[in-house]
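Here's the structure we're looking at; comments come further down.
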Amino acid sequence: MSTEPLSKNIRKVLVANRGEIAVRIIRACRDLGIATVAVYSDADRQALHTRYADEAINIGAPPPRESYLVKEKILEAAKKTEADAIHPGYGFLAENADFAGMVADEGLIFIGPSPHAITTMGDKHKAREAVKKYNVPLVPGTEAGLSDEELINAAEKIGFPIMVKAIAGGGGKGMRPVYDAANFVEALRTARSEAESSFGNGDVYIEKLLVGARHIEFQILADSHGNTIHLGERECSIQRRNQKLVEEAPSIFMDDDLRQRMGEMAISAAQSVDYVNAGTIECLVDKDKNYYFLEMNTRLQVEHPVTELVTGIDLVKEQIRIARGRRMTPTESVLNPQGWAMECRINAEDPYNNFVPSIGLIRASNTPKGPGVRVDSGVFAGYEITPYYDSMIAKLITFGETRADAMARMRRALSEYVITGVRHNIPFHINLMNSFSFIAGQFDTRFVEDRFHMNTYENDPTEAELETVAIAATLHAHRKRQLASQVVAPAERDTSNWKWVGRYERIHR
Amino acid sequence: MSTEPLSKNIRKVLVANRGEIAVRIIRACRDLGIATVAVYSDADRQALHTRYADEAINIGAPPPRESYLVKEKILEAAKKTEADAIHPGYGFLAENADFAGMVADEGLIFIGPSPHAITTMGDKHKAREAVKKYNVPLVPGTEAGLSDEELINAAEKIGFPIMVKAIAGGGGKGMRPVYDAANFVEALRTARSEAESSFGNGDVYIEKLLVGARHIEFQILADSHGNTIHLGERECSIQRRNQKLVEEAPSIFMDDDLRQRMGEMAISAAQSVDYVNAGTIECLVDKDKNYYFLEMNTRLQVEHPVTELVTGIDLVKEQIRIARGRRMTPTESVLNPQGWAMECRINAEDPYNNFVPSIGLIRASNTPKGPGVRVDSGVFAGYEITPYYDSMIAKLITFGETRADAMARMRRALSEYVITGVRHNIPFHINLMNSFSFIAGQFDTRFVEDRFHMNTYENDPTEAELETVAIAATLHAHRKRQLASQVVAPAERDTSNWKWVGRYERIHR
Amino acid sequence: MKYTTIVNNEHFEVEIQRDGSVFVNGKRHEVDWLELPESLYSMIKDNKSIEVAVDENDGNYNVLLEGRLYEAQVLDQRAMMMLGRKGGLKLDSGEIKAPMPGLIIDVLVNVGDDVNEGDTVIILESMKMQNELKAPRTGSVQSIQCKQGDTIDKNTLLLIISGSDEE
Amino acid sequence: MKYTTIVNNEHFEVEIQRDGSVFVNGKRHEVDWLELPESLYSMIKDNKSIEVAVDENDGNYNVLLEGRLYEAQVLDQRAMMMLGRKGGLKLDSGEIKAPMPGLIIDVLVNVGDDVNEGDTVIILESMKMQNELKAPRTGSVQSIQCKQGDTIDKNTLLLIISGSDEE
C-alpha cells in the first residue's frame, strides 16, 4: 500500500450498489461535497439511490447477474461519467478481488482494501492459514476442497454439532448447522446447492458448532500510513438462519480486559493481510469468554451505524479519507465507547409465517423520528419491493446513555414505525424488545431460533388487549359491510353512528 | 423551592400542548417509561400527539381559546386520567402563571418554573427591574403602562430606530420596528391591536432598536437543590418579523471570554427570580460584543434541540427530573460545546409570496434521514394543516463536527425533504444555505428582511438549470394535454415516446 | 348491530350503538374510531389512544396491535346461525400456494406420500434465500403441480394435501 | 411535438421526440422522465439525476428545482400564433383574493384611491399572524368587497384595482 501516492483527489464517486447502503454512501459524499454517480437496474429507476445521486446510469435488467454484478458495465458507467473512485457498499461486488483489481487497472480508486486482502480473507481456508501465523484462535474445522466422504470423517473426528459453510460464503448463504450424523448428507447437499447458486462455487468446509456462543465482531480501520486500530466491538448474536437481525455496540458480555485482548487479536488478524480501509473481524465467544476468529469481512458492514453512534466516527467518510491516501481521523483504538447503540434490521419478511419474504407496493411508510433515532432506508411510500434483491428495507438505529436507554428508545421508535402494503418484521422486533431474556442480555446465536417464538410470548396478551382487537375487527368489518351495502344507494351514507365522521364534517363544512 | 419535598413520583404526564412539541414531550416520557395523556381539539383528532400518547382527551373546538387555552378543561382532563404532572410545552399556557398556580393547587406537578418566576419574567417591566439588581445590562427603553403621547416623547429621547413591544408578548407578536417618527403612531396602533388579540393585553413599551445586532440566547437549567448552570448559547439571528427561522449552537460570533461572561450574566438573571427548571435568557449582542438582556423565556424553547446535540443533554428528560425534585444530571455549565448543530424551522409559509401561511392537506412527506439528521415533526402524509394553529410543521436539525459539516449536512437534508400539498419554506432554507453571507457567518437580526430575497440570488441560475426547467414544464404540460385529449379515446394510450413507461411496463407485465 | 367476534379462540359479543358507544359482552365502552390511510386506524377507547392495522384475509381479519398479530373472525347473526348448523369452523385447506415468486429448488414428496403438519415439502428460492414450504395439515399428498427448476408466480398452486381427518 | 417554453423571460424551443429524446433550441438531450406520486418528477437528463416538482397555476407552471421556484409558460404552435396576434402576454389581474381564510383586521384604502404596486391595502389575520396584502399593480381602487371584522374564506375576492396602464 505504501507504494501508492500519498494523496489522491476524489471529486466524483460511483456507488456500485443499491438500496439503503447506496443512499448511505451518497449521503456521506454529499456531506463531503463530493459528486456521486448511481448505477441502477431497470427495476430501480424509482429507487432512492437513483434519485439522490447527481448522476444515474442504467446498467440493465433487474437480476443482479445482468446488472449489479456485471463488472464491465459498472466500469463503463464510471468512465462515461468520469468518476474518480468506486465504492462497492456491501454484497454484490464488495468482496470480489477481480473487480477491485479491474478498478485499479482502469486508474480508478477502489474504496476498500487491496485485491490481495480480499482474496485471502474471501477464501475461508487461506484466511485461517493467514491469521494462524499471528496466533489468532480458530474454531476447530477442516480445509477447503474435501469430498463429502472426507467431510463426514472429519465431522466424526471434530464431533457434532458442526456447521457446514460455503468457502465463498457470506450473509448466511450456504450455511447449515448439523446436530447429528444422520442429517449430515442432506445438509451438505443443500449447502452446496445454495452456495453454487449464490456464489457460483459449491465448495464447502465444516467447523465445530459452538453451543451457547455469542457472535461478537470488531470494527477495524487501517490507513495507508501503517496505522491499524479497532473501534470496539459489536454484539450480533440475535440472528436467524445466520442472518443478523439486531446488533448492538458495545456488547453487554464485554469487559475491559476482554475488549483489550480481542481488540489486539482483531488488529493482528487485519495486519496479517496488510489490511487498509474499513473491515470487520467476526468472532464467536463462548460462555467462558474464550474467543475464536470466524472470518474477516473486507468491506463496510450492514451494522456499521452502531459503531458510528458510540464512537462519533463516520465510517464512510473515513473510508473515503483513507482511499484518498490520507491519515484516518482517529489515532487510537476505542476502548471506551460512549453510550449505547442498537440497530434493528427492518426486513420485508413475515414473522408470523416463517419469515417468508414479502413483495409488493409500500403504501404507507411513516418512519420514527425525534431525539436519538436514526433511520437508514432506501424505501418510501409508493416504492415497490421486487423479488430481485434482498429483503432488508431499512435499518432503525437508536442511541442512549445506557443499554436500557437505547432499548427504551428502540421500543418507542418501533411503535412509531408504520409500514403498510407489505408484511415486515417490526412485530418481531417489538416482541424481542419485550422479551425478558433479551432485556437481561441473556442470549446467544441460537436464541431466536431455539427459544424465541412469535406466539409464545413471555407475557400473554391481556384481556383488555383481546377486547380491543375484537372491537377493532368488528368496527372494520361493520364499516366495510355497510359501505358494500351502500353501493346500491350511495347517497344515503350512514354517518350517525360514527362519532368522529360527524365531528370531522362539522369542522370542515 | 426548597420547601418542596425532595422526590416526587411522576408516573403519568399530561401534555398540555399540540404539534411537534407535544410529540417531542411524549417521546421523552416514553423513553423514561412514563405514561402520557394528550389533550386534543376537534381539529386534532388525527394529529400525531393524539395518536402517540397512551391516553387522549378531547377538550373542545379548534380555536385555542375554546380548547388549548382553557385551563379548567386541561385540569379536568388531568384529574380524569389521574395524571401526576402537566408539561405545558411552549406557547399556549406555558408562560401563564395562573395556570401554573392552579396546577399546584390541584396537587399536581407543573413541569416548569414557579408562578413567581413566570409572573416576573412575563411582565417585561418587572423582569427588567428584577435583573437590574443583578447588574444585568439592559437595552435602553421605557416602562409599561405609558400612553401613546408618553411613548412618543420617550422615543424622541431614546432616538430612532426603536422597537415597539407588547408587555405580554412573545414569538414576535405585538412587535413593530419603527425607523422614524412619522411611522410611530401607526406602529403603536398595530402592535396594540395584535397584542390585544394575541394576549388579551394591549399594553406596549418601547426599546432602542440595536442596528446590526445578533440575537444570542443562553440555555439555563436549575434544580430545586440550589444548582443553576447554563448549557451554552444559541445563535438565533436568522429571523423574519421577529420569528426565528434558523438557529445554531454554538454561535460563530462567540469566543471563550464572551461565553464565560454572558453565561455568568444569564445565571444571575435566572437567579434573580429563584428560577427552577429549564429557561432561556435572550440577549442582543452588538458588533462590539456588548450584550443586553432582552427577556427570559420561562419554558422550553422551540430551538432546544441544537443545545441537546452539542451538549448530549436531553432537556425534556432533565425538565422531568427537576420537576421530580431530583438533582439535574449535569453539574457544571457547558463552556465547551462539542461539534455544531443547526436547526431550520419548516413552516407552511410560501417564501415566494411574502411568507403567507398555507393550509391544506399534506399529500407527500418524505423526511430526510441518515447520519447526523434529526426531525421533530407533528405532521405526516394525509395530515391536514388547519388555519387554527401556527404554521410550523417540523424542525429539521443537523449535527456535524464543525459548522461547515453541520451546514453541508443541512444542505443535503433539505434537498432530501419532500413535502407536497402545501407551500412551505424549504426553498427559503436551501437558498439561505447557499448564501455567501450566511456561509461566512456574516448576518444579524435584520439580515433576512433587509438583505436576503428569494429572487436576488447571490448566484444566478445557470443556463443548464433554466433548460432543465423548460424541459420539465414542457414534458409535464405535454403529458397533461395528451391525457386530456385521451379522455375521448382512452384505449389509445400514447406510451411510445415515454421511454420509462415502456420500460416499467416491460418489467411489470 | 350485534356481532360475535372470535379472537384467539375467545368469543366476544360486540354490539355497535348509533351514539358511538360499543358494548362488549354487555359492558359499555366509549369508542372513537378514525380511519387513517392504508388500513390503519386510530381508536380512542375509554380515553386510551390505540393504533391498529386491520388486514382482510379470506373473510377473516388480521389485527396488528402493539407488535402482535391477532386473527379475528367477525360473525353477524346470520353467519352464527349457519355456523351452528354446520357444526364448526372450517379446517385449513390442504393447498400450498407460492407465497412469493421464485424458483422451485426441490420437491421433497411424491403423490401418495403421507405427511405430517409442519413437514417441509417444497424448497422455493426467492430474494436469494431458500425457503422451506411446509405441510399446512397432516394427510397424504393428493397432487403436485410443480417440479424442480420451475419459475413460478406468487399464489401459484403448488401442491394439495388431502386431509386424513376430513369428515 | 414542438413547444415554445418561456422561463425567466427566456424562450426555449422544446421538441419532444417519439424515441424519448428531447431537442432544446435544436440540441439533442436524452431525457428519462418518471412521474412520482404527488406532482413530483424524477428526470435523468444526459445522465444527470434531477428531481423537480411541477404545479399548475392558471395555465402556467411553477417548477421547483433545487430549492428555486421558476415560473414557466408552455405554448404550443396555436397558442404562439394567438399570442402573436394579441401582441403580448397578459398583465397581472388587479384582483386581490384572500390567500387563506382569516379575519379582516383593516382595509387601508377607499374606493377611488390611487395605489402603487406593493402598497399594503388590507391586513388579514390568520394563523395568529397579521398578514399584509399588497396591491399587485399600480392603479386606482375600483371596488372593495370586504370590511374590517369580516371572517372570510380562502380565495374570497377582497378588492379590485383598475390598472392605470391598461390598453
Side-chain angles (χ1 to χ4, degrees), chain A residues 64 171-173 190 193-194 197-198 241 243 348 350-359 363-364 381 387-391 414-415 418 420-421 426-431 433-434 454 457 461 464-481 496-500 504, chain C residues 1 3 5-8 10 12 14 16-20 22 24-25 29 31-41 43 45 48 50-54 56 61-70 72-74 76 99-103 105-106 123 125-132 134 154:
Chain A
K173 279 141 208 155
T190 322
S193 128
E194 212 171 273
S197 76
S198 291
R241 293 172 71 177
Q243 294 266 27
D350 184 356
Y352 292 100
N353 185 16
N354 204 25
F355 291 86
V356 161
S358 175
I359 62 165
R363 286 182 290 146
Y388 304 112
Y389 313 112
D390 79 22
S391 60
L414 287 165
S415 76
V418 173
T420 68
I426 292 174
F428 164 82
H429 289 299
I430 292 177
N431 282 308
M433 294 295 143
N434 288 324
M454 291 301 286
Y457 300 105
E465 282 168 336
L466 293 176
E467 195 183 76
T468 297
V469 170
I471 294 173
T474 311
L475 286 175
H476 174 89
H478 176 75
R479 187 122 176 89
K480 294 281 147 169
R481 292 169 195 180
S496 57
N497 57 353
W498 295 100
K499 264 180 87 168
W500 189 78
Y504 185 85
Chain C
M1 191 80 184
Y3 296 90
T5 299
I6 307 168
V7 181
N8 283 14
E10 204 170 316
F12 294 88
V14 183
I16 299 170
Q17 301 281 350
R18 300 216 138 240
D19 68 353
V22 173
V24 181
N25 296 338
H29 296 279
V31 175
D32 190 324
W33 178 247
L34 168 63
E35 186 165 357
L36 301 169
E38 312 302 352
S39 312
L40 273 178
Y41 295 92
M43 184 200 288
K45 172 193 166 200
K48 302 276 181 252
I50 299 156
E51 208 145 300
V52 294
V54 184
E56 235 166 305
Y61 300 94
N62 288 324
V63 180
L64 190 67
L65 169 68
E66 283 166 26
R68 288 185 191 171
L69 193 73
Y70 300 83
Q73 284 183 286
V74 180
D76 56 22
M100 62 210 139
L103 177 74
I105 296 292
D106 208 351
I123 296 173
E125 187 178 284
S126 185
M127 286 169 136
K128 302 202 274 171
M129 283 297 289
Q130 295 196 3
N131 300 283
E132 301 179 341
K134 293 174 192 301
K154 191 177 170 173

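Lettering follows sequence order; numbering is per chain, from 1.
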State, to 0.1 Å, how close [X] and [Y] come at their nearest heavy-atom pair, and which atoms those are.
X	Y	answer
C/Leu64	A/Pro427	CD1-CG, 3.8 Å
A/Ala472	C/Val52	CB-CG2, 3.9 Å
A/Ser197	C/Glu125	OG-OE1, 3.2 Å
A/Ile430	C/Gly67	CD1-CA, 3.6 Å
C/Phe12	A/Leu466	CZ-CB, 3.7 Å
C/Leu69	A/Tyr352	N-OH, 2.6 Å

Find the distance between [atom1] ([X]) and [atom2] ([Y]) and round it off to the nearest 0.5 Å.
X	Y	atom1	atom2	result
A/Asn431	C/Arg68	CG	CZ	6.0 Å
A/Thr190	C/Ile123	OG1	CD1	6.0 Å
A/Ser193	C/Asp106	OG	CG	8.0 Å
C/Lys134	A/Asn353	NZ	CG	11.0 Å
A/Glu465	C/Asn8	CD	CG	10.5 Å
A/Glu194	C/Ile105	CD	CD1	8.5 Å

Are A/Glu467 and C/Lys45 within salt-bridge range, i.e. N to O under 4.0 Å?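 So A/Glu467 pairs with C/Lys45 through a salt bridge.
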
Chain C contact via A/Ser358 - side chain, backbone, both or neither, heavy atoms under 4.5 Å: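 The backbone, not the side chain.
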
Chain C contact via A/Thr474 - side chain, backbone, both or neither, heavy atoms under 4.5 Å: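 Both backbone and side chain of A/Thr474 come within 4.5 Å of chain C.
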
Most chain A-contacting option - heavy-atom pairs closer than 4.5 Å, from C/Glu132, C/His29, C/Glu51, C/Lys48: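 Greatest number of close heavy-atom pairs with chain A: C/His29.
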
Per the side-chain hydrogen bond (donor to acceptor under 3.5 Å, both in side chains) rule, which among C/Tyr41, C/Trp33, C/Tyr61 passes with A/His476?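 Running side-chain hydrogen bond (donor to acceptor under 3.5 Å, both in side chains) over C/Tyr41, C/Trp33, C/Tyr61 with A/His476 returns exactly one hit, C/Tyr41.
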
